[in-house]
Amino acid sequence: MIESPDRTPLPRDFFDRPVLEVAPELLGRILIRLTADGPIELRLTEVEAYAGEVDPGSHAYRGRTARNAVMFGPPGHAYVYFTYGMWHCLNAVCGPEGRASGVLLRAGEIQVGAELARKRRISARNDRELAKGPARLATALAVGRDLNGTDLCNGPDSPLTLLHGSPPDPDQVRSGPRTGVGGDGAQHPWRFWIADDPTVSPYRAHLPRRRST
DNA sequence: ACGCGGATGTTCT
DNA sequence: GAACATCCGCGTG
């Protein structure tokens, strides 16, 4: 028997908990993005936890700024940031309010609207690569800074919503060091993914870039 | 398969 | 002025 996925939205209470509890439980959840051309739905397969002001890897480590303000607000909202001059990444803010923690949504499987995602991800060589990586995920789902602060718990009429979906068996959840995080934030195994899932992005260690001229 | 450098612009020191 | 929660294309093996 296959149980059909639960298509009700995750309640705010789900996010209003310590981020290390929430992050692994986001695996298997359904992210719905409503675009003008139609809906895109993605099943989350890889996430990373960022623990706020106590976490050297977090954008909130040095306190509140204009960019990270949403992380300091109520849980269950989208924190979208722009990086490397080209890319956007999407987080789900967790609780309690003021803790400035969040979960980076790193990868997933596009289940609905793949034809829409392909238009934005021309370089993807197959559908498994459409959302294999945090910036690819945001690109595939047309997530930009305009969605920063969006309430993820509003229901399916919202531009961005997280549904209960079908969490994997706990035996299938893996964890390891976060990708692209260096320094004192590198050691914690705060990256979570579904075992053997082909849409999970490859691990890359943090590389200090040599400065060019 | 894997490693490297360039792209690009916002944010913070 | 440097770093950046990244990705892509091209080189080598």
Side-chain angles (χ1 to χ4, degrees), chain A residues 15 19-20 22-24 26-27 31 42 44-72 77-94 99-108 110 117-149 152 160 174-193 196 198-213:
Chain A
F15 299 95
V19 68
L20 290 178
V22 176
L26 277 172
L27 296 173
L31 180 64
L42 170 139
L44 284 170
T45 60
E46 181 192 355
V47 300
E48 275 177 3
Y50 287 85
E53 288 174 286
V54 299
D55 177 5
S58 170
H59 286 172
Y61 183 54
R62 297 181 190 280
R64 179 177 183 143
T65 65
R67 175 174 70 159
N68 66 23
V70 170
M71 292 189 89
F72 288 81
H77 288 247
Y79 167 51
V80 180
Y81 67 89
F82 181 72
T83 192
Y84 288 103
M86 281 169 278
W87 312 110
H88 297 275
C89 294
L90 169 64
N91 297 254
V93 175
C94 292
R99 185 73 174 70
S101 65
V103 179
L104 174 66
L105 308 184
R106 287 196 56 92
I110 305 279
R118 286 186 207 109
K119 291 181 186 173
R120 300 179 177 278
R121 292 275 302 115
I122 300 296
S123 62
R125 297 187 300 194
N126 54 63
D127 284 3
R128 304 188 313 273
E129 293 186 349
L130 285 175
K132 189 180 201 156
R136 290 168 168 181
L137 185 155
T139 301
L141 269 59
V143 171
R145 271 174 296 191
D146 54 314
L147 293 182
N148 190 35
L152 300 171
L160 207 51
R174 300 286 179 270
S175 66
R178 293 177 294 187
T179 294
V181 174
D184 294 335
Q187 50 188 341
H188 308 104
W190 289 351
R191 177 179 180 238
F192 303 93
W193 67 94
D196 301 320
T199 66
V200 172
S201 71
Y203 174 76
R204 300 187 200 286
H206 175 75
L207 286 186
R209 307 291 302 151
R210 236 182 34 197
R211 68 197 145 89
S212 55
T213 62

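All chains are named by letter (A, B, ...) in the order of the sequence lines, taking the proteins before the strands, and each is independently numbered beginning at 1. Values reported hereafter were calculated over all heavy atoms of this structure, with side chains retained and with hydrogens, waters and symmetry mates removed. Predicted, not measured: the structure shown is a model, and the values here were computed from it.
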Going by the rule side chain to side chain contact (heavy atoms under 4.5 Å, CB included), which residues pair with [X] if we only count those two or more places apart in sequence or in a different chain?
| X | value |
| --- | --- |
| A/D55 | A/Y50, A/A51, A/S58, A/R178, A/W190 |
| A/V47 | A/A23, A/L26, A/L27, A/V103, A/L105, A/F192 |
| A/N126 | A/R128, A/E129 |
| A/R121 | A/S123, A/A124, A/L130, A/R136, A/T139, A/A140 |

[X] has an atom [atom1]; how far is it from atom [atom2] of [N], in whole Å?
| X | N | atom1 | atom2 | answer |
| --- | --- | --- | --- | --- |
| A/Y84 | C/dA2 | OH | P | 16 Å |
| A/R178 | C/dC4 | CZ | P | 13 Å |
| A/H206 | C/dT6 | NE2 | P | 10 Å |
| A/W87 | B/dG9 | CH2 | C1' | 13 Å |
| A/Y203 | B/dA1 | OH | C1' | 19 Å |
| A/H88 | B/dT8 | NE2 | P | 15 Å |
| A/R125 | C/dC7 | CZ | P | 14 Å |
| A/M86 | B/dT8 | CE | C1' | 5 Å |

> Run the side-chain contact (heavy atoms from CB on, under 4.5 Å) check on A/R118 and A/D127 step by step: do they pass?
Replying inline: CA-CA 8 Å; A/R118 286 186 207 109; A/D127 284 3; 2.8 Å; yes
> Got a sec, which residues hit side-chain hydrogen bond (donor to acceptor under 3.5 Å, both in side chains) with A/H59, two or more places apart in sequence or on another chain?
Replying inline: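 Residues passing side-chain hydrogen bond (donor to acceptor under 3.5 Å, both in side chains) with A/H59: A/Y79.
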>> Under the rule for side-chain hydrogen bond (donor to acceptor under 3.5 Å, both in side chains), what residues qualify as partners of A/R64, not counting sequence neighbours?
In response: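 Partners of A/R64 under the side-chain hydrogen bond (donor to acceptor under 3.5 Å, both in side chains) test: none.
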> Under the criteria of a ring-centre distance below 5.5 Å and an interplanar angle below 30°, is A/Y50 stacked with the base of C/dA5?
Replying inline: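 Here the ring of A/Y50 and the base of C/dA5 are stacked, with centres under 5.5 Å and planes under 30°.
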Identify the two heavy atoms, one from [X] and one from [Y], that lie closest to each other, and give their separation to 0.1 Å.
| X | Y | value |
| --- | --- | --- |
| A/V181 | A/A186 | O-CB, 3.3 Å |
| A/G133 | A/A107 | N-CB, 3.8 Å |
| A/L147 | A/A142 | CD1-O, 4.3 Å |

>> OP1 or OP2 of C/dC7 versus the side-chain N and O atoms of A/R106: is any pair under 4.0 Å?
In response: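 So the side chain of A/R106 is outside the cut-off, no N or O lying under 4.0 Å from OP1 or OP2 of C/dC7.
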> Taking only N and O in the side chain of A/T179, is any of them less than 4.0 Å away from OP1 or OP2 of C/dA5?
Replying inline: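 Answer is no, no contact under 4.0 Å.
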>> Applying a 4.0 Å non-hydrogen cut-off, can you work out what A/R145 is touching in the nucleic acid: base, sugar-phosphate, or nothing?
In response: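 Counting heavy atoms under 4.0 Å across all strands, the contact made by A/R145 is with sugar-phosphate only.
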>> Requiring both pairing distances under 3.5 angstrom, list the stems that contain DNA chain C and are made of three or more consecutive Watson-Crick or G-U pairs.
In response: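 DNA chain C stems, ordered by first number: B:1-7 with C:6-12, B:9-12 with C:1-4.
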> With sequence neighbours excluded, what pairs up with A/E46 under the salt bridge (Lys or Arg N to Asp or Glu O under 4.0 Å) test?
Replying inline: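 Salt bridge (Lys or Arg N to Asp or Glu O under 4.0 Å) check on A/E46 returns A/R106, A/R191.
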> Who are the ring-ring contact (aromatic ring centres under 6.0 Å, His included) partners of A/F82, not counting sequence neighbours?
Replying inline: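 Checked A/F82 against ring-ring contact (aromatic ring centres under 6.0 Å, His included); matches are A/H88.
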> Near DNA chain B, which residues from residues 54-71 of chain A have a heavy atom under 4.0 Å away?
Replying inline: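 Residues of residues 54-71 of chain A under 4.0 Å from DNA chain B: A/R62, A/T65, A/R67.
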> In residues 127-137 of chain A, which residues come under 4.0 Å of DNA chain C by heavy atom?
Replying inline: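 Per residue number, the list reads A/G133, A/P134, A/A135, A/R136.
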